[in-house]
Amino acid sequence: MRDFIIVLIVFGSIPFTLLRPHIGILMWYWVSLMNPHRLTWGYAYQMHVAVIVGGATLVAWAVSRERKLPPMPAPNVWLLLFTFWVSLSTYFALSSTATEYWDEVIKILGMTFVATCIVNSRPRIRQLVWVVALSIAFYGIKGGVWAIMTGGHYRVWGPPGSFIEDNNQLGVALIMVMPLLYYLSLEVTRKWLRLGLYSGMGFTLIATLCTYSRGALVGLSVTLLVFGIKAKRRLLTGLVAAAVFAAALAFLPTSWYQRMDTIDRYKQDASAEQRLTVWQFAIRLADDHPLVGGGFNVIDNKDVYYHYVAATETVHNFHSIYFQVLGENGYVGLGLFLGLILTTLATAQGIIRKTRNRPAMAWAGQLASAIQVSIVGYCSAGSFVNLGFYDLFYVLVAIVTATKIVVERSLAAETARIGEATQEAPALAPVAIFRPASAGPNFG
């Protein structure tokens with residue numbers, strides 16, 4: 001039954017996508033982030049739903065009146081450079097499977113550009129935020145409820161065969177989505193819907209802790225701190241967040257605390273030692289290949305791996321977005337990746353500044369602030385997972401870019417209206433300061 005429902009939704013969306021390409025963008029991110037087909041057990045499980053949805057979206061976009069060249073604010077410029085560089089590094093890759101992973105990455109980066117072409121209004125931005133938030137929050141709510149029912153004794157996992165299958169990776173995604181849920185709670189007007197979003201945040205927080213991911217705990221702590229700093233009502237928001245966090249910690253079993261206790265004893269922890277080893281590998285590899293690194297999936301080349309870390313017995317992935325990009329795309333690639341992150345944060349800050357004291361555009365400032373917190377969560381929790389090319393981060397880049405364009409267009413229209421009003425205002429009659437002398441006496 002699940003298979004039938006997924007197939008019905010995917011194929012049923014195609015006619016609507018062909019008429020309105022922005023529906024295809026929404027479907028694309030629903031499929032790529034939530035991976036609903038991975039919740040089935042039959043023929044839909046292996047179906048290439050992303051290819052079907054993406055193909056329909058590209059066709060609809062090509063024949064539509066939507067802009068064909070993406071806008072080029074700073075984040076898109078850095079993204080374009082980064083896309084070129086990862087493609088160049090693939091050409092010089094040391095692994096025979098690099099092209100396979102490049103195929104996946106280029107779809108993610110390419111659809112990011114397409115999204116900035118199509119998502120060009122406040123309603124479309126709002127719809128995309130809803131889809132992105134709920135696609136991940138589904139696993140947060142589901143995992144939170146399950147954790148409460150089982151007393152937190154079992155780990156929460158993501159959908160199999162996806163970017164967030166692993167508990168550590170799922171923890172990063174859940175952290176990133178919580179600020180978006182909070183933003184949506186500010187947007188809705190119905191009380192029951194707002195309470196539902198607050199509840200979703202609570203369940204997602206519990207699910208994040210119950211991934212048993214130490215990196216997620218660090219990332220969650222940093223995210224909550226930044227969230228409290230950026231919130232308007234800092235004291236109230238901080239107290240509520242601290243109370244929820246404390247209640248969740250009190251609920252967790254002893255096994256969870258035993259797992260987290262290894263953060264302070266990383267030298268005695270095997271997985272921590274593995275991370276240090278593979279980070280050492282990334283640095284040594286990048287030192288020898290500073291421009292393009294080893295290319296995608298360089299870890300698959302065991303000869304290369306053991307050449308740089310001969311003391312280890314097993315091969316592990318990079319366990320860090322930074323060391324992943326460094327090892328696979330070199331120092332230049334890492335610089336472009338960091339530049340993309342920083343310019344996205346700076347662009348969001350620019351949106352906040354431009355919309356301050358403008359009630360009609362308050363939504364844009366609130367969204368930009370929420371995305372800043374999400375990216376902070378990605379940067380902190382992502383320090384311990386292999387998610388350098390995760391869809392969720394790149395769609396946030398697209399949303400910031402789209403929001404900047406909409407805000408600038410609104411400000412330009414506002415300036416134009418003020419100019420027109422000034423021109424149409426009636427000119428004041430001149431006031432004579434000196435009365436001119438008469439030509440002579442008037443005798444009538």
Side-chain angles (χ1 to χ4, degrees), residues 33-34 129-159 164 167-253 255-257 259-260 366-367 369-374 376-378 380-381 392:
L33 293 175
M34 184 177 173
V129 174
W130 272 102
V131 169
V132 170
L134 295 183
S135 295
I136 301 297
F138 170 82
Y139 295 105
I141 297 170
K142 175 175 173 285
V145 171
W146 184 73
I148 292 173
M149 293 176 61
T150 58
H153 289 282
Y154 303 96
R155 295 186 185 186
V156 175
W157 302 88
I164 55 175
N167 63 313
N168 299 291
Q169 295 165 332
L170 176 62
V172 176
L174 296 179
I175 290 170
M176 293 175 69
V177 83
M178 279 191 279
L180 299 182
L181 293 175
Y182 179 75
Y183 162 73
L184 292 174
S185 72
L186 301 176
E187 281 276 285
V188 298
T189 56
R190 297 180 180 178
K191 187 175 181 180
W192 66 267
L193 192 52
R194 185 179 297 111
L195 291 175
L197 289 166
Y198 287 154
S199 300
M201 291 175 63
F203 286 124
T204 301
L205 188 148
I206 294 173
T208 303
L209 294 173
C210 287
T211 60
Y212 279 68
S213 169
R214 293 163 297 184
L217 176 63
V218 174
L220 180 61
S221 302
V222 174
T223 303
L224 290 177
L225 176 61
V226 175
F227 175 76
I229 293 173
K230 294 187 71 66
K232 286 186 176 181
R233 300 179 179 178
R234 296 179 182 177
L235 180 59
L236 178 61
T237 303
L239 290 175
V240 172
V244 174
F245 193 42
L249 291 176
F251 155 80
L252 293 169
S255 57
W256 184 88
Y257 286 95
R259 172 70 175 171
M260 297 304 117
Q366 293 168 348
L367 176 58
S369 183
I371 290 178
Q372 283 183 325
V373 179
S374 293
V376 167
Y378 174 69
S380 54
L392 182 52

Going by atom type alone, with no hydrogens or angles, which donor-acceptor pairs under 3.5 Å involve a side-chain atom of residues 199-207 and a protein atom two or more places apart or on another chain?
from, atom 1, to, atom 2, distance (Å)
Ser199, OG, Leu195, O, 2.9
Thr204, OG1, Gly200, O, 2.6

For a quick test of your reading: what N or O donor-acceptor pairs under 3.5 Å do the side chains of residues 168-175 make, sequence neighbours left out?
from, atom 1, to, atom 2, distance (Å)
Asn168, OD1, Ser213, OG, 2.9
Asn168, ND2, Asp166, OD2, 2.9

Can you give each donor-acceptor pair under 3.5 Å made by side-chain atoms of residues 133-155, sequence neighbours left out, with the distance rounded to 0.1 Å?
from, atom 1, to, atom 2, distance (Å)
Ser135, OG, Val131, O, 2.6
Tyr139, OH, Met34, O, 2.5
Thr150, OG1, Trp146, O, 2.8
Thr150, OG1, Ala147, O, 3.4

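Between Leu252 and Cys210 there is a side-chain heavy-atom pair separated by less than 4.5 Å. Side-chain contact between Val218 and Ser380 is absent, with no heavy-atom pair separated by less than 4.5 Å.
The OG atom of Ser369 sits 11.0 Å away from atom CD1 of Ile229, with the distance rounded to the nearest 0.5 Å. Rounding to the nearest 0.5 Å places CD of Gln366 at 7.0 Å from OH of Tyr183. To the nearest 0.5 Å, atoms CH2 (Trp157) and CD1 (Ile164) are separated by 13.0 Å. Atom OG1 of residue Thr208 and atom CG of residue Leu217 lie 10.5 Å apart, to the nearest 0.5 angstrom. Rounding to the nearest 0.5 Å places OG1 of Thr223 at 9.5 Å from CE of Met176. To the nearest 0.5 angstrom, Thr189 atom OG1 is 7.5 Å from Arg194 atom CZ.
Listed by first and then second residue, the salt bridge (charged side-chain N to carboxylate O under 4.0 Å, His left out) pairs involving residues 167-180 amount to none (not counting sequence neighbours). The salt bridge (charged side-chain N to carboxylate O under 4.0 Å, His left out) pairs that include a residue from residues 168-188 are Arg122-Glu187, Arg126-Glu187, where partners are two or more places apart or lie in different chains.
When the ring-ring contact (aromatic ring centres under 6.0 Å, His included) test is applied to Tyr378, the partners found at least two apart in sequence or on another chain are Phe393. Leu193 meets the side chain to side chain contact (heavy atoms under 4.5 Å, CB included) test with Trp130, Val188, Arg190; sequence neighbours excluded. Every residue two or more places apart in sequence or in another chain that forms a side chain to side chain contact (heavy atoms under 4.5 Å, CB included) with Val226 is listed here: Val222, Lys230, Val373, Val376.
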Given the rule in the side chain to side chain contact (heavy atoms under 4.5 Å, CB included) test, do Leu180 and Ile371 qualify, once you have shown the distances and angles that lead to the verdict?
CA-CA 7 Å; Leu180 299 182; Ile371 290 178; 4.1 Å; yes

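Checking side-chain atoms of Trp256 against main-chain N and O of Thr211 turns up no donor-acceptor pair under 3.5 Å.
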